[in-house]
Trainee: 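Below you will find the structure I want to go over with you.
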Amino acid sequence: MEIAANNKSHWAALMLCSSALIGCGGGGGDDGSAQTMQTAEQTELAGIIDSLGLAVSPLSGRTVPNINDPLPQLGKKLFFSKSLSGDQDVACASCHHPMLGGADGLSLPVGVNAIQPEVMGEGRVDADNLPDVPRNSPTIFNVALWDTSLFWDSRVESLGKEAGQNGSVSGISTPDSGFGVADSNAGNNLVMAQARFPVTSDEEMKDTTFESGETNDSIRDHLAARIGDYGEGSGELATNEWLTAFQTAFNSSDGAATLITFDNIALALSEYQRSMVFVNSPWQNYLDGDTSALSDDAIEGAILFYTSTDDDGGGCVNCHSGSLFSDGQQHTIGFPQIGPGKGVGNDDDFGRESITGDSDDRYRYRTPSLLNIAVTAPYGHAGAYADLNDVLRHYNNPRNTVDDFFDDDELCDLPQFENVSGCTSLYPDSRQNSFRALNKLDDEQDDGTSLFGNININGNERNQLEAFLNALTDPCVTDRDCMSSWIADEVADNPDDNVLIATDQFGSPL
Ligand code: HEC
Ligand code: HEC
């Protein structure tokens, strides 16, 4: 009781402090020289940072692997090997490249049957020029920081959601076990559990002919046998030096059938991805005390981000909370639904509902992290918005922005679609599906279940928010040298002659 009361008064004091423009803390007034050097906005932001307890390291209390350790190194080789796909033409990196923000630069991914499997970003197409994967490829950066769930619809989900544990403590439900049920094969954490699924998807990696109609476990076992060169997979790779790589990584002299299991493949893949922590952004530097790290615009943007819509802010922190900038929950936002959809309605995607079976969850998606957001365009679960300005216009007025999107055929301005003939009639139900999601948002706002307030920000404030969002990006992620430890080398990381050395559409290596 006493503790609660103390906390409450402490909180109240901080709230007062955050709303005061000057004289926060201390004996009040203008006594401290450090304070007098702050602008009013810096002081306001300092109050927000204090009251919300933002000045913590995103890594606090977590252990993450080092990319130079043997297991992440094996994981890198596997992540870049096309041998994990049915027809040996797609690697994990084909949709999650370190130099494309841990994603693919496309609205919707092109997985199997790309005409030029090495090409990534614009120019990665299959024979019909249309993407077959229904959702935007999310970044794999900072996947070690998720404690609730992975995927846009959270279908790989920690049952206990313990803070700081990456899903390692309680069970993890997956598409194999079903919603709310622990998958006994999920492995150590959310990232390992997730790594078992891309290889089972026809559109992403498997293709239709490989292990056609077989169970997920048969697909995984076959791929492990291929990598291990034993049983049903023996001889499938013309070159195969994987056993040495596994023996080194696991410091083991076991044979392939024991060592090269899909569990160990998933483990290595997850340790590689979990080593990709990129959180040294200007914003983090600011939190760490470098008040010169943010521009004036970014500071104003931060204030808008953390201020409620009732107080004329953006209310973004309602959902994009914590150092990952996500509450890990699912919400209706109503970004346009484009592409082939998830097998419901006509090209529609019901989001979280398809996992829980609860119609309240229709059109809800997991709040994305905003770390490194500058390098992960296009945005949203279907990659409909090309840039942050579009996203911010949507928040200010969802209906008008979605209307404009369809009135102006903005789909056909997206690089991936601009050269597709008949683009304007590709997904005829797209507008209607998108408006169903907006109607759902209205309903939620009417009945008070939405955390999406009525945002009223002008063009200048949008620019300020954009400056803040851009300041959430770690400069390492745009620096090839800084990223090189995470990118497979054509010689050192190529045990099967199937390494993906990705290029842009003009043939320049990424
Ligand atoms: C064809 C493109 C493609 C390939 C290949 C691919 N992915 Fe993905 N990945 C996606 C898409 C799309 C999603 C989101 C799907 C969804 O949420 O429904 C995703 C989601 C993820 C996530 C979840 C991220 C988050 O924040 O929720 C991780 C981790 C991931 N992929 C890792 C991998 C690994 C490991 C492999 C290789 C075994 C792989 N991916 C292969 C496209 C791809
Ligand atoms: C009600 C919860 C909620 C609020 C409030 C909210 N967001 Fe979001 N945000 C989401 C969800 C959910 C998505 C994904 C929606 C989708 O893909 O359809 C998203 C997507 C985004 C994206 C695209 C991320 C990506 O990787 O594609 C950005 C950028 C973004 N939000 C910024 C903001 C800003 C800035 C604000 C405040 C003006 C804000 N959000 C307010 C829940 C929220």
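Here the structure is a predicted model, which is why all the values come from computation and not from measurement. Numbering of ligands and ligand atoms starts at 1, following listing order.
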Trainee: So if I count the atoms of ligand 1 from 1 in the order they appear, which ones are less than 4.0 Å from some heavy atom of G111?
Mentor: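 Close to G111: 1 (C).
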
Trainee: Who's the nearest protein heavy-atom neighbour of atom 37 (C) of ligand 1, and how far?
Mentor: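 The closest one turns out to be C92 SG, 1.8 Å.
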
Trainee: For the residue pair Y385 and F335, does the interplanar ring angle fall in the parallel (under 30°), tilted (30 to 60°) or perpendicular (over 60°) class?
Mentor: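 Rings of Y385 and F335: perpendicular, as their planes differ by over 60°.
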
Trainee: Quick one: nearest non-hydrogen protein atom to atom 11 (C) of ligand 2, plus distance?
Mentor: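 Residue, atom and distance for the closest contact: I333 CG1, 3.4 Å.
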
Trainee: Report the nearest protein non-hydrogen atom to atom 35 (C) of ligand 1: residue, atom name, distance rounded to 0.1 Å.
Mentor: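 Atom 35 (C) of ligand 1 sits closest to the protein heavy atom Q273 NE2, 3.3 Å.
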
Trainee: Specify the protein heavy atom at minimum distance from atom 24 (C) of ligand 1: its residue, its atom name, and the distance to 0.1 Å.
Mentor: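 It is P138 CG, 3.8 Å.
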
Trainee: May I have the step-by-step check of side-chain contact (heavy atoms from CB on, under 4.5 Å) for L500 and S94, ending in yes or no?
Mentor: CA-CA 7 Å; L500 174 81; S94 302; 3.9 Å; yes

Trainee: Can you list the ligand 2 atoms lying under 4.0 Å from a non-hydrogen atom of L392?
Mentor: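 That gives atoms 35 (C) of ligand 2.
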
Trainee: Taking the basic N atoms (NZ, or NE/NH1/NH2) and the acidic carboxylate oxygens, is any pair closer than 4.0 Å for D217 and R220?
Mentor: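 A salt bridge is present here (some side-chain N lies under 4.0 Å from a carboxylate O).
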
Trainee: As an exercise, identify every atom of ligand 2 less than 4.0 angstrom from a heavy atom of Y365.
Mentor: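 Checking each atom against Y365, I get 12 (C), 18 (O).
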
Trainee: Would you call the rings of Y286 and W283 parallel, tilted or perpendicular, taking 30° and 60° as the class edges?
Mentor: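 Because their plane-to-plane angle is under 30°, the rings of Y286 and W283 count as parallel.
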
Trainee: For atom 4 (C) of ligand 1, what's the nearest protein heavy-atom neighbour? Residue, atom name and distance, please.
Mentor: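 The closest heavy atom on the protein side is C95 SG, 3.3 Å.
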
Trainee: Relative to ligand 1, is N136 under 4.0 angstrom through side chain, backbone, both or neither, heavy atoms considered?
Mentor: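 Answer for N136: backbone.
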
Trainee: Assess the pair F325 and F305: is the distance between their ring centroids shorter than 6.0 Å?
Mentor: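 For F325 and F305, the ring centres are under 6.0 Å apart.
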
Trainee: Go through the side-chain N and O atoms of R274 and N166 and say whether any donor and acceptor fall under 3.5 Å apart.
Mentor: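 Side-chain D/A pair, R274 to N166: present.
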
Trainee: Tell me, please, if Y395 has any N/O/S atom, main chain or side chain, under 2.8 Å from atom 8 (Fe) of ligand 2?
Mentor: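 Yes - counting backbone and side chain alike, Y395 has an N, O or S atom under 2.8 Å.
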
Trainee: Considering only heavy atoms of Y379, which atoms of ligand 2 have at least one such atom less than 4.0 Å away?
Mentor: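 Heavy-atom distances to Y379 below 4.0 Å select 23 (C), 25 (C), 27 (O).
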
Trainee: Would you mind checking which non-hydrogen protein atom is closest to atom 27 (O) of ligand 1, with the distance to 0.1 Å?
Mentor: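 Answer, as residue, atom name and distance: F151 N, 2.6 Å.
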
Trainee: Output yes when the distance from some N or O of ligand 1 to some N or O of K342 is under 3.5 Å, and no in every other case.
Mentor: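 K342 vs ligand 1: no N/O contact under 3.5 Å.
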
Trainee: Using a distance threshold of 2.8 Å, state whether an N, O or S atom of C316 lies below it from atom 8 (Fe) of ligand 2.
Mentor: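 Of the N, O and S atoms in C316, none lies under 2.8 Å from atom 8 (Fe) of ligand 2, which means no.
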
Trainee: Identify, for atom 12 (C) of ligand 1, the protein heavy atom at the shortest distance, and state residue, atom and that distance.
Mentor: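 The closest one turns out to be R135 O, 3.1 Å.
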
Trainee: Testing the basics here: between A144 and V277, what is the closest heavy-atom pair and its distance to 0.1 Å?
Mentor: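 Looking at all heavy atoms of both residues, the closest pair is CB-CG2, 4.4 Å.
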
Trainee: Hey, which atoms in ligand 1 end up nearer than 4.0 Å to a heavy atom of V133?
Mentor: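 Every atom of ligand 1 under 4.0 Å from some heavy atom of V133: 12 (C).
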
Trainee: Check R155 against ligand 1 and report side chain, backbone, both or neither, counting heavy atoms closer than 4.0 Å.
Mentor: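 The answer is the side chain.
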
Trainee: Does NZ or CZ of R366 lie under 6.0 Å from the centre of the six-membered ring of W146, at an angle within 45° of the ring axis?
Mentor: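 Yes, R366 and W146 form such a contact.
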
Trainee: What protein heavy atom sits nearest atom 26 (O) of ligand 1, and how far away is it?
Mentor: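 It is R366 NH2, 2.9 Å.
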
Trainee: Just wondering, are more than 12 heavy atoms of other shown residues or ligands nearer than 6.0 Å to CG in N454?
Mentor: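 No - once you tally the heavy atoms of other residues, nucleotides and ligands closer than 6.0 Å, there are 12 at most.
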
Trainee: Work out whether the distance between some heavy atom of W152 and some atom of ligand 2 is less than 4.0 Å.
Mentor: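 True for this residue.
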
Trainee: Please walk me through it: do E118 and T503 pass side-chain hydrogen bond (donor to acceptor under 3.5 Å, both in side chains)?
Mentor: CA-CA 6 Å; E118 311 292 312; T503 73; over 6 Å; no

Trainee: Numbering the atoms of ligand 2 from 1, which are under 4.0 Å from a heavy atom of G380?
Mentor: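 This gives 17 (O), 25 (C), 27 (O) as the contact atoms.
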
Trainee: Which ligand 2 atoms, with their elements, are less than 4.0 angstrom from a heavy-atom of G315?
Mentor: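 Those qualifying, in numeric order: 5 (C).
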
Trainee: Please list, in number order, the atoms of ligand 2 under 4.0 Å from a heavy atom of L451.
Mentor: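 Checking each atom against L451, I get 1 (C), 5 (C).
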
Trainee: Does L150 approach ligand 1 within less than 4.0 angstrom via side chain, backbone, both or neither, non-hydrogen atoms only?
Mentor: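 Both parts.
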
Trainee: So if I count the atoms of ligand 2 from 1 in the order they appear, which ones are less than 4.0 Å from some heavy atom of C319?
Mentor: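 The atoms of ligand 2 under 4.0 Å from a heavy atom of C319 are 1 (C), 2 (C), 3 (C), 4 (C), 5 (C), 42 (C), 43 (C).
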
Trainee: What I want to know is whether S137 and ligand 1 share at least one N or O pair that is separated by under 3.5 angstrom.
Mentor: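 Between S137 and ligand 1 (N or O atoms, distance only) the closest approach is not under 3.5 Å.
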
Trainee: Would you mind telling me if ligand 1 is within reach of the side chain of P134, the backbone, both or neither, using heavy atoms under 4.0 Å?
Mentor: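 No part of P134 is near ligand 1 at this cut-off.
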
Trainee: Within the structure, does D153 bring an N/O atom to less than 3.5 angstrom of an N/O atom in ligand 1?
Mentor: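 N/O-N/O distance below 3.5 Å does not exist for this pair.
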
Trainee: Taking the inter-plane angle between the rings of F350 and Y363 on a 0 to 90° scale, is it parallel (under 30°), tilted (30 to 60°) or perpendicular (over 60°)?
Mentor: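 Geometry flag for Y363 against F350: perpendicular rings.
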
Trainee: For residues G314 and I455, report the shortest heavy-atom separation together with the two atoms involved.
Mentor: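 Scanning both residues completely, I find the closest heavy atoms to be O-CD1, 3.2 Å.
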
Trainee: Quick check on D327 - does any of its heavy atoms sit under 4.0 Å from an atom of ligand 2?
Mentor: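 No, D327 has no heavy atoms under 4.0 Å from ligand 2.
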
Trainee: Does E444 pair with K440 as a salt bridge, N-O distance under 4.0 Å?
Mentor: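 Salt bridge present between E444 and K440.
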
Trainee: Can you tell me which residue and heavy atom of the protein come closest to atom 8 (Fe) of ligand 1, and the distance to 0.1 Å?
Mentor: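 Looking at atom 8 (Fe) of ligand 1, the protein heavy atom closest to it is H96 NE2, 2.1 Å.
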
Trainee: Counting heavy atoms only, which part of E204 comes closer than 4.0 Å to ligand 1: side chain, backbone, both or neither?
Mentor: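 The answer is both, backbone and side chain.
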
Trainee: Side chain, backbone, both or neither: which applies to P109 and ligand 1 if a contact is any heavy-atom pair less than 4.0 Å apart?
Mentor: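 Within the 4.0 Å criterion, P109 contacts ligand 1 through side-chain atoms alone.
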
Trainee: Which protein non-hydrogen atom lies closest to atom 16 (C) of ligand 2, naming both residue and atom, and how far is it?
Mentor: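 Sorting protein heavy atoms by distance from atom 16 (C) of ligand 2 puts H381 ND1, 3.4 Å first.
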
Trainee: Do the two ring centres, one from F405 and one from H394, sit under 6.0 Å apart?
Mentor: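 Here the rings of H394 and F405 have centres that are no less than 6.0 Å from each other.
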
Trainee: Give the numbers and elements of all ligand 2 atoms closer than 4.0 Å to a heavy atom of G314.
Mentor: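 Listed by number with element: 37 (C), 38 (C).
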
